[in-house]
2 protein chains.
Amino acid sequence: MKLADAKKQFIASWGAFGTHWGINRTMAQIHALLLVSADPLSQDDLMLELSISRGNANMNIRELIDWGLVDRVIIPGERKEYFSAEKDIWKVATQIVKERKKRELNPMMKLLDQLEDVDGDKKDKHVKQFTDTVTSIKRFGTQADKMLDVLVKADENWFVGSLMKFFK
Amino acid sequence: MKLADAKKQFIASWGAFGTHWGINRTMAQIHALLLVSADPLSQDDLMLELSISRGNANMNIRELIDWGLVDRVIIPGERKEYFSAEKDIWKVATQIVKERKKRELNPMMKLLDQLEDVDGDKKDKHVKQFTDTVTSIKRFGTQADKMLDVLVKADENWFVGSLMKFFK
DNA sequence: CTGAATTTTCAAAACTTATTGAAAGAATGT
DNA sequence: ACATTCTTTCAATAAGTTTTGAAAATTCAG
């Protein structure tokens with residue numbers, strides 16, 4: 001397969017993939033293109049290669065920077081801003097985990113705390129089912145939270161090395 | 001807080017949460033309601049409590065069954081079908097992991113296999129960056145795949161017990 | 001069988017989210 | 001301070017997704 005075609009396929013698939021992972025299609029496509037580009041690209045490069053508008057490019061680049069997946073790069077002597085993606089996939093993954101934990105898991109945990117004590121007879125089976133469910137989700141969430149924290153802080157070699165003893 | 005209000009909040013939040021996890025809002029709301037209900041509910045119960053149409057209820061219930069998160073329950077002497085959700089959150093989580101692995105990770109891995117060998121000079125930095133990226137995503141994906149397999153097959157106590165030695 | 005109860009389907013409508021592009025705002029070199 | 005280049009904003013629009021509801025299909029008891 002030719003490089004240009006392979007790139008196109010990769011970008012299209014990474015884009016579709018991204019929509020399942022809390023990142024929108026265009027954002028994921030920009031990310032994909034930067035991942036496979038040897039050099040940093042400018043906003044105009046991205047607009048051209050992906051056929052997207054200036055506003056769209058701008059918004060999604062900024063969101064990628066917000067997620068910590070893309071960096072602004074200054075090229076001396078150039079007026080334009082350039083962008084490059086973190087290429088270490090382990091870092092990409094932990095960064096995504098970190099962000100989603102902050103954006104999704106933490107708020108949910110906070111809500112569950114509030115829902116844990118409802119009024120009414122703890123013996124009533126409806127009350128009981130509700131609090132049991134909330135409590136068990138909370139327990140699960142707390143554990144997931146801890147695990148993900150360690151994951152995010154761990155460096156790849158330590159982590160994978162340790163786990164592979166279990167996961168053979 | 002009153003039970004009815006707490007339920008409403010829980011359903012609304014679980015619905016919003018679900019959209020980030022590959023499940024649509026209504027599907028997640030139905031799931032939430034079943035999770036906190038002591039007894040199985042009929043399609044009409046769900047329509048009434050969540051104010052959704054028959055078609056919507058039907059489609060989403062079937063999709064939840066498809067995901068393995070909800071079961072049909074036959075109540076003797078009743079003509080209607082009833083539905084109940086798996087209440088063990090660990091099982092819910094592993095079920096979701098299993099499905100998403102099948103729906104997302106596996107197809108992506110298959111694609112990457114194809115993209116790994118592009119034509120052209122391996123010394124060309126553009127070709128090199130592309131294949132390096134694809135290869136490293138593949139390596140990462142393969143490892144994630146293995147880990148998730150073990151996770152899905154593990155029973156909760158074994159898994160959490162073992163890992164908590166690391167993750168304290 | 002027949003007919004009532006229940007479930008499923010699907011085209012149209014409503015809603016949600018993403019994208020455009022032109023205009024306003026900053027930054028930079030002279 | 002001005003002109004130029006580049007970046008950001010945002011209201012309008014387009015695209016995509018979900019929901020509805022009525023009609024068709026299925027199930028089941030008598």
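- Residue B:Q43 is classed as a base contact, given a heavy-atom separation below 4.0 Å to a base.
- Scanning atom types as modelled, no donor and acceptor separated by under 3.5 angstrom connect the side chain of B:R79 and the base of C:dT6.
- A:E63 has its CD atom 15 Å from the C1' atom of D:dT9, to the nearest Å.
- In this structure, the side chain of B:R100 engages the main chain of A:H20 through a donor-acceptor pair within 3.5 Å.
- Side-chain atoms of A:D71 never come within 3.5 Å of backbone atoms of A:V73 as a donor-acceptor pair (strictly under, hydrogens ignored).
- Taking atom CD1 of residue A:I61 and atom P of nucleotide D:dC6, one finds them 14 Å apart after rounding to whole Å.
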Would you please test B:S13 and B:Q9 for side chain to side chain donor-acceptor pair (under 3.5 Å) and show each step? CA-CA 6 Å; B:S13 311; B:Q9 276 233 32; 4.6 Å; no
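- Dashed line: the shortest gap from a side-chain N or O of A:R25 to OP1 or OP2 of C:dT17 is not under 4.0 Å.
- Look at CZ on B:R62: it is 14 Å from C1' on C:dT6, rounded to the nearest Å.
- In this structure, A:L46 atom CG and C:dT20 atom C1' are separated by 17 Å, rounded to whole Å.
- B:E81 places its CD atom 11 Å from the C1' atom of C:dT8, with the value rounded to the nearest Å.
- At least one donor-acceptor pair under 3.5 Å links the side chain of B:N60 to the backbone N or O of B:N56.
- Between the NE2 atom of B:H20 and the P atom of C:dT17 there is a distance of 10 Å, rounded to whole Å.
- If you measure from atom CG of B:N60 to atom P of C:dT8, you get 13 Å, rounded to the nearest angstrom.
- Looking at residues 51-59 of chain B, you'll see B:R54, B:G55, B:N58 sit with a heavy atom under 4.0 Å from some atom of DNA chain C.
- Using modelled atom types, one side-chain atom of B:D119 and one backbone atom of A:M1 make a donor-acceptor pair closer than 3.5 Å.
- C:dT20 atom P lies 13 Å from atom CG of A:L48, rounded to whole Å.
- Within the 3.5 Å criterion, the main-chain N or O of B:S42 finds no donor-acceptor partner in the side chain of B:E81.
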With side-chain contact (heavy atoms from CB on, under 4.5 Å) as the test, would you mind laying out the steps for B:D145 and B:F140 before giving the verdict? CA-CA 9 Å; B:D145 193 64; B:F140 179 83; over 6 Å; no
